[in-house]
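One structure below.
Keep in mind that what you see is a predicted model, and the values were worked out from it rather than measured. Reckoned from all heavy atoms, side chains included, excluding hydrogens, waters and symmetry mates.
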Amino acid sequence: MNRATHAAAALITVALLAGCSTVTSTPEAAPIDRSASAPGPGKAGADATSAFGVVAASVPSARLGGTVTAENDPNHFLGRPHQYTSKITFTDGRIPADQTEGNKPGDVELGGSIEVFPNAADAKARHDYIQAVTKGVPALTEYDYLHGVTLVRVSRLLTPAQAADYEKAAAELP
């Protein structure tokens, strides 16, 4: 091989390795448009854990329930195209335990969840889907607060005044 061929091969190898490094540093399987969910200057990162930090600062009865991973996601949505890129579940101490019997850890009825999407359109599509599915089934209703790329889902077992605490907190999200 001549020098030009070696140089071209080296350049291609470097470009391919650089491209792989950005994919492997992301835990999600599907490519994510980071520009759509990237926080603005001085704002917390756009992921469910940091969003929960903002929410918990405003709603002291909220406790982190768990972090959803691709392996434990009951919906099998995490990282899939047009679905959430990050999700946590939380509990709320104001919900009486006798009203949550039979629920599994992570169920929205225990408190709620926070889902973060790659862009606002995907977040709105998820919000609209949940609203449509739960509209005619009172046992499935919940409070949903959409703010940009973040959807905060809150248990129907909270009173409207209690749920309003989450609405105020969601408005503070980046």
Residues clustered with V137, ILVMFWY side-chain links under 4.5 angstrom =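 The other cluster members (ILVMFWY side chains, heavy atoms under 4.5 Å, direct or chained) are L140.
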Which hydrophobic side chains are connected to V108, either touching it within the sub-4.5 Å cutoff or through other members that do?
->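 V108 clusters with nothing; isolated.
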List the residues meeting salt bridge (charged side-chain N to carboxylate O under 4.0 Å, His left out) with [X], not counting sequence neighbours, and say none if there are none.
X    : value
D122 : none
D128 : K124
D92  : R94
R126 : E115

Minimum heavy-atom distance between A169 and V55, given as atom pair plus value =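 A169 and V55 have their closest heavy atoms at CB-CA, 3.9 Å.
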Identify the two heavy atoms, one from I114 and one from A51, that lie closest to each other, and give their separation to 0.1 Å.
->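 Looks like CG2-CB, 3.9 Å.
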In terms of hydrophobic clusters joined by side-chain contacts under 4.5 Å, are L173 and V59 together?
->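 The answer is yes; both residues are in one hydrophobic cluster.
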Name all pairs fulfilling the salt bridge (charged side-chain N to carboxylate O under 4.0 Å, His left out) condition that reach into residues 99-108, sequence neighbours left out, sorted by first residue then second.
->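 Listed by first then second residue: nothing to list.
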Pairs in or reaching into residues 48-74: which pass salt bridge (charged side-chain N to carboxylate O under 4.0 Å, His left out), with residues at least two apart or in two chains?
->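 The answer is none; no pair qualifies.
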Under the side chain to side chain contact (heavy atoms under 4.5 Å, CB included) test, residues paired with [X] that sit two or more places apart:
X    : answer
S155 : I95, E109, L157
P60  : none
T141 : R156

What residue pairs, at least two apart or across chains, pass ring pair (Phe, Tyr, Trp, His ring centres under 6.0 Å) with a residue in residues 132-174?
->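 Checked against ring pair (Phe, Tyr, Trp, His ring centres under 6.0 Å) - neighbours excluded - the pairs reaching residues 132-174 are F90-Y166.
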Modelled atom types, side-chain donor and acceptor of S50 and D47, under 3.5 Å |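 Their side chains do contain a donor-acceptor pair, which is all the 3.5 Å distance test asks for.
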If only atom types and distance count, is the side chain of [X] paired as donor or acceptor with the main-chain N or O of [Y] below 3.5 Å?
X    : Y    : result
S113 : T89  : no
T67  : I88  : no
T100 : N103 : no

